[in-house]
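Excluded from the calculations below are hydrogen atoms, water molecules and symmetry mates; all remaining heavy atoms, backbone and side chain alike, are included.
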Amino acid sequence: LRQINRDNVNRLTIAWTYDTADGSGASQTQPIVVNGLLYGATPKHKIIALNAATGKLLWRFASGLEGRGANRGVTYWEMGNNKRIFAAVQAYVYALDANTGKVIQDFGTGGRIDLREGLGRDSKNIAITLTTPGVIYKDMLIVGGRTPEALPAPPGDIRAYDTRTGKL
């Protein structure tokens with residue numbers, strides 16, 4: 001940014017663009033950049049990793065569920081060589097290997113946690129969606145969630161999950 005000033009700002013050009021291939025639809029996401037890689041969510045809640053300098057797609061994760069509506073991003077955690085992206089799709093949070101986009105199978109159940117569980121209610125009859133990526137504090141992923149205004153509704157608890165195991 002120190003290279004850009006009033007005298008040369010009019011010469012800036014687009015470095016790259018990326019088409020998510022999700023068709024039209026509003027994208028409400030804030031990508032993050034970690035170690036030269038851009039991580040984000042597409043309008044249909046697929047998770048992507050791009051080379052931040054070139055825009056080249058490195059990997060794409062599709063959960064098999066078609067997301068819709070706001071998904072404001074992903075969260076990054078690392079310890080040593082263990083680098084993870086946490087991404088929400090509907091009522092689930094997935095742990096992905098930040099280098100490959102592969103699901104980390106020993107996180108939660110088969111690589112994901114179900115946000116409907118552990119709320120003291122029948123998980124089949126409640127709706128909860130994670131629209132913000134949550135925050136990392138030490139080795140915990142802390143999340144809230146969007147809940148409906150009609151019954152049956154979850155209590156709206158803020159919860160913390162172990163970043164390695166997915167345990168509450």
Is a donor on one side and an acceptor on the other found under 3.5 Å between the side chain of Thr75 and the backbone of Gly134? yes

Surrounding CD of Glu78 (heavy atoms of other residues, nucleotides or ligands, distance under 6.0 Å), is the total greater than 12? yes

Hey, any chance Ile113 and Leu168 share a hydrophobic cluster, counting ILVMFWY side chains that come within less than 4.5 Å of each other, even indirectly? yes

Per the ring pair (Phe, Tyr, Trp, His ring centres under 6.0 Å) rule, which among Phe107, Tyr161, Tyr94 passes with Phe86? Phe107

Supply the atom-to-atom distance Ile32 CD1 to Gln30 CD, rounded to the nearest 0.5 angstrom. 11.0 Å

Between Leu65 and Ile85, is there shared hydrophobic-cluster membership here, with clusters defined by ILVMFWY side-chain heavy atoms closer than 4.5 Å? yes

Provide the closest heavy-atom pair for Glu66 versus Gln90 in the form atom of the first, atom of the second, distance. O-NE2, 2.9 Å

Give, for atom OG1 of Thr54 and atom CG of Leu57, the distance between the pair rounded to the nearest 0.5 Å. 10.0 Å

Polar side-chain atom of Arg84 near backbone of Met79 as donor-acceptor pair, under 3.5 Å: no

First locate atom CD of Gln3, then atom CG of Leu12, and finally report the distance between them rounded to the nearest 0.5 Å. 10.5 Å

Distance col, row Thr20:OG1 vs Lys46:NZ, nearest 0.5 angstrom, shows 8.0 Å

CA sep, side-chain torsions, deciding dist, call: Val103, Leu96, side chain to side chain contact (heavy atoms under 4.5 Å, CB included): CA-CA 5 Å; Val103 173; Leu96 307 174; 3.9 Å; yes

Reported CD1-to-CZ distance for the pair Ile104 and Arg164, which is rounded to 0.5 angstrom: 12.0 Å

Kindly give the heavy-atom pair with the smallest separation between Thr29 and Ala41, and that separation in Å. CG2-O, 3.3 Å

Other residues, nucleotides, ligands: >12 heavy atoms within 6.0 Å of Asn81 CG: no

Rounded to the nearest 0.5 Å, what's the gap from OG1 on Thr109 to CG on Asp106? Could you check? 11.5 Å

Salt-bridge test for Arg159 and Asp157: reply yes if a basic N is under 4.0 Å from a carboxylate O, no otherwise. no

Side chain to side chain contact (heavy atoms under 4.5 Å, CB included) between Asn99 and Trp59: does it pass, once the steps are laid out? CA-CA 8 Å; Asn99 294 318; Trp59 56 256; 5.7 Å; no

Can you confirm whether the side chains of Trp77 and Asp139 place a donor and an acceptor under 3.5 Å from each other? yes

Run the numbers on Tyr76 and Asn35 for side chain to side chain contact (heavy atoms under 4.5 Å, CB included), then give the verdict. CA-CA 11 Å; Tyr76 178 86; Asn35 299 324; 3.9 Å; yes

Quick one: closest heavy-atom pair of Ala160 and Met140, and the distance? CB-SD, 4.0 Å

Honestly curious: do Val89 and Ile48 fall in one hydrophobic cluster under the side-chain, below-4.5 Å linking rule? no

Would you confirm whether Asn51, through its side chain, and Leu58, through its main-chain N or O, come within 3.5 Å as a donor-acceptor pair? no

Same cluster for Tyr137 and Ile158 if Ile/Leu/Val/Met/Phe/Trp/Tyr side chains link at under 4.5 Å? yes

Considering non-hydrogen atoms only, spot the tightest contact between Ala98 and Leu37 and give its length. O-CD1, 4.4 Å

Report yes or no: do Val33 and Trp16 belong to one cluster of Ile/Leu/Val/Met/Phe/Trp/Tyr joined by side chain heavy-atom distances under 4.5 Å? yes

Nearest heavy-atom pair of Asn8 and Asn5: which atoms, and what distance? OD1-N, 2.8 Å

Looking at Arg72 and Pro133, what are the two nearest heavy atoms and their distance? O-CD, 3.9 Å

Are any non-hydrogen side-chain atoms of Leu141 and Ile136 less than 4.5 angstrom apart? yes

